[in-house]
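Written out below as structure tokens is the structure these notes cover.
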Amino acid sequence: MNFLELIGDHTVQVVVLGSMMVGAVSGALGCFAYLRGQSLVGDVVSHSALLGIVLAFWLFYLITGQSSRSLLLLMPGALIAGLASLMLTRKLGTASRLKEDASLGVMLAIFFGTGMMLLRYLQRSRPPIPGRAGLDQYLFGMAAAMNTADIWMIGVVGTASIMVMMLAWSRLKIITFDPQFAMGMGLRANLHEVILLTLVVLGIIIGLQIAGVVLMVSLLVAPAAAARQWTHSLGKMVWLATAIGGISAAMGGFISAAGKSLPTGPVIVLIVTAIFLGSLIVAPRRGLLSRWRQGDIHVT
């Protein structure tokens with residue numbers, strides 16, 4: 001299939017458009033997680049979502065007698081599981097005085113381990129449940145399985161998330177950089193904390209079919225980390241991370257479609273990682289080359 005045929009292919013268009021939207025949204029929302037030092041939060045949420053996906057699939061089958069792997073149906077389960085893992089992390093840290101990273105690690109193990117156990121149980125259950133075999137695609141993603149309904153869902157949820165971020169921009173900015181100052185101003189810090197975490201969770205969940213629970217955290221963090229090398233402004237960083245995430249994901253989707261046997265998620269992650277490494281080296285002021293020329297880095 002030549003270049004023009006690839007562009008005109010409906011499946012390729014769906015994969016590229018869906019990947020681009022996911023990359024743009026996750027890149028923008030990932031800036032807040034990156035600046036707050038909560039990159040591990042994305043890892044916990046993405047892995048915890050597997051439990052919600054499996055439970056939503058199973059519950060729908062028990063109620064209706066039918067099976068469905070529609071992202072619109074499974075996303076509420078993933079959202080609940082992702083938020084639950086974060087809320088339980090806070091409770092565990094408060095009750096046991098564990099550090100946040102230790103609490104996050106515990107929740108990741110519990111939710112992901114339970115999700116894998118239930119996934120294997122469903123896959124081996126008798127009589128077999130129709131559509132159960134396709135659930136494991138959420139581990140590493142299966143962009144080729146996307147359809148027009150998934151595109152609409154990603155577009156609506158992604159647009160709503162970005163709009164909420166823009167409406168609450170000034171308060172989210174204060175909470176990100178100085179939560180103590182936000183509390184002193186009388187801002188409802190806990191409410192905006194929940195809003196911010198919910199936005200990050202949504203940014204992760206809409207990309208699970210593209211990158212899967214294992215690789216989605218890279219699509220959340222890497223564009224933000226790359227954008228941070230080029231600017232000190234949060235606004236510019238968000239726009240740049242949006243562009244990096246969207247372009248990288250679109251390129252990955254197209255290359256995987258052209259290569260046929262290439263998985264979309266890993267290709268996207270490789271591209272965005274290459275952009276991050278390039279930014280880390282050549283970015284002005286913060287780049288390794290610039291710091292070496294200024295004498296901040298000494299080669300011995």
**Prompt:** Hey, any chance Trp230 and Trp239 share a hydrophobic cluster, counting ILVMFWY side chains that come within less than 4.5 Å of each other, even indirectly?
**Reply:** no
**Asked** So, for Ile210 and Ser19, which heavy atoms are closest and what is the spacing to 0.1 Å?
**Response** CD1-OG, 3.6 Å
**Request:** Looking only at non-hydrogen atoms, find the nearest pair between Ser48 and Ser85 and report the distance.
**Result:** OG-CB, 3.4 Å
**Same apolar cluster (I L V M F W Y, side chains within < 4.5 Å links), Leu72/Leu202** = yes
**Prompt:** Do Val157 and Met75 come close enough that some side-chain heavy atom pair is under 4.5 Å?
**Reply:** yes
**Asked** Are the side chains of Leu118 and Leu122 in touch, meaning some heavy atoms are under 4.5 Å apart?
**Response** no
**Asked** Which atom pair, heavy atoms only, marks the closest approach of Val12 to Ala257?
**Response** CG2-CB, 3.7 Å
**Prompt:** Quick one: side chain to side chain contact (heavy atoms under 4.5 Å, CB included) partners of Tyr121, sequence neighbours excluded?
**Reply:** Trp58
**Message:** If I take atom CG from residue Leu197 and atom OG1 from residue Thr89, how far apart are they, to the nearest 0.5 angstrom?
**Reply:** 10.0 Å
**Residue pair Thr242 / Ile162, side-chain heavy-atom distance below 4.5 Å** = no
**Message:** Could you report the tightest heavy-atom contact between Gly42 and Leu220, atom names first, then the distance?
**Reply:** CA-CD2, 3.9 Å
**Item:** Within-4.5 Å side-chain heavy-atom neighbours: Val14 and Asn147
**Value:** no
**Message:** Between Ile247 and Met251, is the side chain to side chain contact (heavy atoms under 4.5 Å, CB included) condition met? List the steps.
**Reply:** CA-CA 6 Å; Ile247 293 173; Met251 289 176 59; 3.8 Å; yes
**Message:** Other members of the hydrophobic cluster containing Leu59, with the 4.5 Å side-chain heavy-atom rule, please.
**Reply:** Ile63
**Request:** Only counting residues at least two apart or in another chain, list the ones meeting side chain to side chain donor-acceptor pair (under 3.5 Å) with Thr264.
**Result:** Ser256
**Request:** Using a 4.5 Å cut-off on heavy atoms from C-beta on, say whether the side chain of Val45 contacts that of Met216.
**Result:** no
**Message:** According to a hydrophobic-cluster definition based on side-chain heavy atoms being under 4.5 Å apart (Ile, Leu, Val, Met, Phe, Trp, Tyr only), do Met166 and Phe32 belong together?
**Reply:** yes
**Asked** Which distance, rounded to the nearest 0.5 Å, do you find between the CD1 of Ile244 and the CE of Met237?
**Response** 9.5 Å
**Request:** Indicate if Val16 and Leu270 have the same hydrophobic cluster label, given that clusters are the connected sets of ILVMFWY residues with side-chain heavy-atom separations under 4.5 angstrom.
**Result:** no
**Request:** Could you pull out all residues at least two apart from Leu40 that satisfy side chain to side chain contact (heavy atoms under 4.5 Å, CB included)?
**Result:** Asp43, Val44, Asp101, Leu104
**Prompt:** Would a 4.5 Å heavy-atom cut-off, applied to side chains only, mark Leu208 and Val213 as touching?
**Reply:** yes
**Asked** Roughly how far, to the nearest 0.5 Å, is the NZ atom of Lys173 from the CD1 atom of Ile175?
**Response** 13.5 Å
**Message:** Tell me whether Ile255 shares a hydrophobic cluster with Ile275, the cluster being built from Ile, Leu, Val, Met, Phe, Trp, Tyr side chains joined at under 4.5 Å.
**Reply:** yes
**Asked** Hey, mind stepping through Leu119 and Ile53 against side chain to side chain contact (heavy atoms under 4.5 Å, CB included) and telling me if it holds?
**Response** CA-CA 9 Å; Leu119 176 62; Ile53 288 171; over 6 Å; no
**Heavy-atom pair with the smallest gap, counting every atom of Ala241 and Ala227** = N-CB, 3.6 Å
**Complete:** Applying salt bridge (Lys or Arg N to Asp or Glu O under 4.0 Å) to Arg36 and not counting sequence neighbours gives Glu193
**Item:** Closest non-hydrogen atom pair between Phe112 and Leu50, with its separation
**Value:** CE1-CD2, 3.7 Å
**Straight-line distance of Met107 CE to His47 NE2, nearest 0.5 Å** = 15.0 Å
**Prompt:** So do Gln66 and Tyr61 actually touch side chain to side chain, heavy atoms under 4.5 Å?
**Reply:** no
**Request:** Flag yes if more than 12 heavy atoms outside Met87 fall under 6.0 Å of its CE atom; otherwise flag no.
**Result:** yes
**Request:** Report yes if some heavy atom in the side chain of Leu35 is under 4.5 Å from a heavy atom in the side chain of Arg228; otherwise report no.
**Result:** yes
**Asked** Do you know which of Val156, Leu199, Thr198, Ile206 makes side chain to side chain contact (heavy atoms under 4.5 Å, CB included) with Ser161?
**Response** Leu199
**Message:** With rounding to the nearest 0.5 angstrom, report the CD1 to CG distance, Ile268 to Leu262.
**Reply:** 12.0 Å
**Asked** Do other residues, nucleotides or ligands put more than 12 heavy atoms under 6.0 Å from Trp169 CH2?
**Response** yes
**Item:** Within residues 103-117 or reaching into it, pairs that qualify as side chain to side chain donor-acceptor pair (under 3.5 Å) - sequence neighbours excluded
**Value:** none
